[in-house]
Amino acid sequence: AKKLGGAQFQFYAQDMNLRTLDRLKLEAALRHAVERDEFELHYQPQLDMASGVIDGVEALVRWRRPGHGLVPPAEFIPVAEETGLIIPLGDWVLRAACAQQAAWRDAGLGDLRMAVNLSARQFKQQDLAQSVVQALHDTGCAAGRLELEITESVLMEHPDAATLVMEQLSDMGVKLSIDDFGSGYSSLAYLKRFPIHSLKIDRSFVHDISCDEDDAAIASAIIALAHSMKLNVIAEGVETGQQLAFLRREGCDHVQGYYFSRPLPAAELALLLARPPGQ
Ligand code: C2E
Ligand code: CA
Ligand code: CA
Ligand code: CA
């Protein structure tokens with residue numbers, strides 16, 4: 001039994017080495033990816049429920065890694081977070097998204113709300129507000145068109161520091177939204193205290209909205225809560241007509257999901273924007 005254990009250990013250790021190696025390669029490649037301009041943003045439309053018009057987009061980063069194709073964020077954002085590379089990457093995302101917002105506006109395609117995801121590490125940067133000011137200034141995107149998405153867990157971790165940063169951003173006119181709302185724990189008292197503009201109902205509740213009574217109840221409660229606090233509410237992960245019908249009945253303000261469109265490269269999103277509504 002001991003021998004077998006040894007063999008198993010060796011097998012495991014080899015496997016570990018491989019994984020460590022992959023991880024080191026990933027880190028090294030990621031380290032140069034910003035300088036080499038290997039990232040791109042895809043944009044997923046957000047529709048105003050009442051008019052059916054695309055009035056915003058969420059910017060979602062992808063990595064065109066040589067030899068690996070288009071890498072989804074789940075495969076590199078956590079590593080970027082751990083290594084601190086998320087700071088230069090996040091700054092690139094912010095600038096690229098703001099520049100795109102201004103470009104579409106100047107091309108007459110609409111003055112869209114541009115939603116950008118912020119990671120925990122970025123949010124803890126003392127000079128976050130300064131980076132945002134700089135990005136807006138350099139790109140010509142209006143502060144009021146930028147919406148920063150932050151998850152509940154990030155807010156709840158350091159509520160005092162979070163309040164300060166959010167107030168700075170909010171004073172500049174930048175909008176703030178809580179991403180994946182309902183999936184973590186949030187204190188309703190904090191909701192009142194943070195200068196938040198909108199709540200984003202987590203995809204997991206939207207998924208079973210039309211067949212699971214509990215999820216339907218949670219989604220309805222989030223919409224009612226948001227409205228009672230005069231917040232905008234947006235549902236993500238809308239994939240079916242039934243989900244949309246439910247959200248419409250409950251008065252959800254904005255919707256986003258595969259039912260309307262996947263996240264698209266800028267050029268493809270521009271085609272959607274150029275199309276008259278309803279077509
Ligand atoms: P998220 O912020 O919750 O973004 C929504 C994710 O749901 C996106 O995945 C989007 O493609 C996907 N999605 C949209 N509609 C549907 C739908 O109808 N059904 C389903 N099943 N999924 C849908 P994506 O692009 O792979 O991004 C995953 C996560 O990576 C994001 O989750 C966000 O947490 C993170 N992320 C993406 N871009 C950035 C970024 O620039 N900075 C940071 N810090 N995180 C990012
Ligand atoms: Ca998001
Ligand atoms: Ca989300
Ligand atoms: Ca999510």
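All ligand and atom numbering here is 1-based and tracks the order in the structure. What you see below is based on every heavy atom in this structure, not just the backbone, and it leaves out hydrogens, waters and symmetry mates. Numbers here simply count residues along the sequence, with the first being 1.
Separating the NZ atom in Lys200 from the CG atom in Leu231 is a distance of 15.0 Å, to the nearest 0.5 Å. Taken from CZ in Arg203 to CG in Asp179, the straight-line distance is 9.5 Å, to the nearest 0.5 Å.
Close approach to Glu239 involves these atoms of ligand 1, each under 4.0 Å from a residue heavy atom: 17 (C), 18 (O), 19 (N), 20 (C), 21 (N).
Neither the backbone nor the side chain of Leu41 has a heavy atom within less than 4.0 Å of ligand 1. The part of Glu236 lying near ligand 1 is the side chain, judged by heavy-atom distances below 4.0 Å. Under 4.0 Å from ligand 1, the heavy atoms of Val238 that appear belong solely to its backbone. The parts of Leu60 lying near ligand 1 are both backbone and side chain, judged by heavy-atom distances below 4.0 Å. At a heavy-atom cutoff of 4.0 Å, ligand 1 is contacted by no atom of Arg262, backbone or side chain. With a 4.0 Å cut-off on non-hydrogen atoms, His42 does not touch ligand 1 at all.
The shortest N or O to N or O distance between Gln122 and ligand 1 is not under 3.5 Å.
Taking a 4.0 Å cut-off on heavy atoms, Gln256 fails to register as neighbouring ligand 1. Put simply, part of Gly237 is less than 4.0 Å from ligand 1, judged by heavy atoms. Ligand 1 is never approached by Lys200 to a heavy-atom distance shorter than 4.0 Å. Residue contact check for ligand 1: Pro263 places a non-hydrogen atom closer than 4.0 Å to it.
With atom 40 (C) of ligand 1 as the reference point, the heavy atom nearest to it among Thr151, Asp202, Val61 is part of Val61.
Within the protein, the N, O or S atoms lying under 3.0 Å from the Ca ion (ligand 2) are Glu58 OE2, Asn117 OD1, Glu149 OE1, Asp179 OD2.
Ring geometry for Trp63 versus Phe76: interplanar angle over 60°, hence perpendicular rather than tilted (30 to 60°).
The closest side-chain donor-acceptor pair between Glu58 and Gln44, if any, does not fall under 3.5 angstrom.
With sequence neighbours left out, the side chain to side chain donor-acceptor pair (under 3.5 Å) criterion links Glu268 to no other residue.
The salt bridge (Lys or Arg N to Asp or Glu O under 4.0 Å) pairs that include a residue from residues 61-88 are Arg23-Glu82, Glu40-Arg64, where partners are two or more places apart or lie in different chains. Identified under the ring pair (Phe, Tyr, Trp, His ring centres under 6.0 Å) test for residues 124-143, with sequence neighbours left out: none.
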